[in-house]
Colleague: 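Have a look at this one.
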Amino acid sequence: TALAVGLSTALILGALIIQTRYIASKIDKLQKSIDEISADIHAQNILYYMDKISSYFGMIESARILMLESSLKEEIKDIAVILLANISCKRNELFLFLDNLLPIADNEKLISKRHYELIIDFVHIVLDLLPKSIYIEKELYTHIDKFNAADFILSESTNCYHMLLKDYKQWFNSQYKQAI
């Protein structure tokens, strides 16, 4: 009887060890899959933000290029008007996107820490480049002799930028207070 109990106990312990190793290997495989999915999602997030920013700043670069040769001023007027309309739409889209992005960054249930960092980097980059791009947009208006439009765009865009910057500072200060 003692031999049977000892053998039974040894078999049960052996089975537990084998099952534990099996479950551990499955958990490792699952963790690798999760890491791959996480990397893919992070890459998709990066591509999404790059798309948001590259569309607008691509148009800004086109505006800058149109102003390089002043002798072509009359020839580019028609192109510039269309480009400026598109730039205006993309600029406002970017302002609204940033305005709506910050509250989402607060929600820890929706985004990971890694995505949070990506959002912060994106906002910093855009806030750094927006004044420069607004200036180029204004200069293209001036280049095609739309002086009143240039002043209006500069004024309105500057106001929107300052409001966005103020909101960002308030948001960032609240994040700092929460962290403390």
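Side chains are part of it too, since the values below use all heavy atoms of this structure and drop only hydrogens, waters and symmetry mates.
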Colleague: About how many Å separate CD1 of Ile82 and CE of Met59, when rounded to the nearest 0.5 Å?
Modeller: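 Between atom CE of Met59 and atom CD1 of Ile82 there are 12.0 Å.
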
Colleague: Taking the side chain as every heavy atom from C-beta outward, state whether Tyr49 and Ile119 have any pair of such atoms under 4.5 Å apart.
Modeller: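 When only atoms from C-beta onward are counted, Ile119 and Tyr49 do touch, with a gap below 4.5 Å.
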
Colleague: Calculate, to the nearest 0.5 Å, the distance between atoms CD1 and OH belonging to Ile153 and Tyr141 respectively.
Modeller: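 Rounded to the nearest 0.5 Å, the CD1-OH separation comes to 4.0 Å.
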
Colleague: Do Cys160 and Leu164 have side chains that get closer than 4.5 Å, going by heavy atoms?
Modeller: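 No, side chains not in contact.
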
Colleague: Look up atom CG in Asn173 and atom CD in Gln178, then write down how far apart they are to the nearest 0.5 Å.
Modeller: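 Reported value, rounded in 0.5 Å steps: 11.5 Å.
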
Colleague: With respect to Tyr168, which candidate in Val123, Leu98, Asp99 satisfies the side-chain contact (heavy atoms from CB on, under 4.5 Å) definition?
Modeller: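 Of the listed residues Val123, Leu98, Asp99, the side-chain contact (heavy atoms from CB on, under 4.5 Å) partner of Tyr168 is Val123.
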
Colleague: Between Tyr116 and Gln175, is any side-chain donor less than 3.5 angstrom from a side-chain acceptor?
Modeller: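 Side chains of Tyr116 and Gln175: pair found under 3.5 Å.
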
Colleague: Just how far is it from atom NZ of Lys146 to atom CG of Asn148, taken to the nearest 0.5 Å?
Modeller: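 Between atom NZ of Lys146 and atom CG of Asn148 there are 10.5 Å.
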
Colleague: Find out if a path of hydrophobic residues (ILVMFWY) with successive side-chain heavy-atom gaps under 4.5 Å connects Ile46 to Ile120.
Modeller: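 They do share one cluster, since a chain of ILVMFWY contacts under 4.5 Å joins Ile46 to Ile120.
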
Colleague: Under a 4.0 Å N-O cut-off, is there an ion pair linking Glu93 with Lys90?
Modeller: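 Counted as a salt bridge, because a side-chain N and a carboxylate O are separated by less than 4.0 Å.
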
Colleague: Any heavy-atom pair between the side chains of Tyr161 and Leu127 that's under 4.5 Å?
Modeller: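 Touching, per the 4.5 Å side-chain cut-off.
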
Colleague: Would you compute the distance between atom CD1 of Ile87 and atom OG of Ser55 and round it to the nearest 0.5 angstrom?
Modeller: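 Answer rounded to 0.5 Å: 10.5 Å.
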
Colleague: Please determine whether a side-chain nitrogen of the Lys or Arg among Asp151 and Lys138 lies less than 4.0 Å from a carboxylate oxygen of the Asp or Glu.
Modeller: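 Salt bridge between Asp151 and Lys138, a charged N being under 4.0 Å from a carboxylate O: no.
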
Colleague: Report the C-alpha distance between Glu61 and Arg64 in whole Å, list the side-chain angles of each, state the deciding distance to 0.1 Å, and finish with yes or no for salt bridge (Lys or Arg N to Asp or Glu O under 4.0 Å).
Modeller: CA-CA 5 Å; Glu61 179 62 13; Arg64 189 190 69 76; 2.6 Å; yes

Colleague: Ser133 and Arg91: side-chain donor and acceptor closer than 3.5 Å?
Modeller: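 Judged by distance alone, the side chains do not pair up.
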
Colleague: Look at the side-chain heavy atoms of Ile, Leu, Val, Met, Phe, Trp and Tyr, link any pair under 4.5 Å apart, and say whether Val81 and Phe147 land in one connected group.
Modeller: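 They do not share one cluster, since no chain of ILVMFWY contacts under 4.5 Å joins Val81 to Phe147.
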
Colleague: Closest heavy-atom contact between Leu140 and Ala63?
Modeller: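 Taking every non-hydrogen atom into account, CD2-CB, 3.6 Å.
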
Colleague: For Phe122 and Leu101, which heavy atoms make the closest approach, and how far apart are they?
Modeller: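 The pair with the smallest heavy-atom distance is CD2-CD2, 3.8 Å.
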
Colleague: As an exercise, state the distance from CG of Asp128 to CD1 of Ile125, rounded to the nearest 0.5 Å.
Modeller: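 Reported value, rounded in 0.5 Å steps: 8.5 Å.
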
Colleague: At their closest point, which heavy atom of Leu130 faces which heavy atom of Phe57, and how far apart are they?
Modeller: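 Looks like N-CZ, 4.5 Å.
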
Colleague: If Ile, Leu, Val, Met, Phe, Trp and Tyr residues are connected whenever their side-chain heavy atoms lie under 4.5 Å apart, and connections chain through other members, are Leu96 and Ile53 in the same group?
Modeller: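 In one cluster: no.
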
Colleague: Just wondering, are more than 12 heavy atoms of other shown residues or ligands nearer than 6.0 Å to CG in Asn159?
Modeller: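 More than 12 within 6.0 Å, yes.
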
Colleague: Taking the six-membered ring of Phe97 as reference, does the NZ or CZ atom of Lys52 fall below 6.0 Å from its centre and within a 45° cone about the axis?
Modeller: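 Yes; both conditions hold, so Lys52 lies above the ring face of Phe97.
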
Colleague: So which atom in Ile134 and which in Phe95 form the shortest heavy-atom distance, rounded to 0.1 Å?
Modeller: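 So the two residues come closest at CD1-CZ, 4.2 Å.
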
Colleague: Would you say that more than 12 heavy atoms from the other residues, nucleotides or ligands in this model lie under 6.0 Å from the CZ of Phe172, or not?
Modeller: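 Atom CZ in Phe172 is not packed in, count stays at 12 or less.
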
Colleague: Check for me, please, whether Leu129 and Met163 land in the same ILVMFWY cluster - side-chain distances under 4.5 Å, paths through other members count.
Modeller: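 No, Leu129 and Met163 fall in different hydrophobic clusters.
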
Colleague: Find out whether Gln170 and Asp167 are in side-chain contact, i.e. whether some heavy atom of one side chain is under 4.5 Å from a heavy atom of the other.
Modeller: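 A side-chain contact exists here, since the closest heavy-atom pair is under 4.5 Å.
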
Colleague: Testing Ile76, Thr142, Ile144, Ile136 for side-chain contact (heavy atoms from CB on, under 4.5 Å) with Met67, which one passes?
Modeller: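 Output: one option passes, namely Ile136.
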
Colleague: Do Asn92 and Ser88 have side chains that approach each other closer than 4.5 Å (heavy atoms only, starting at C-beta)?
Modeller: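 The answer is yes; the side chains approach within 4.5 Å.
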
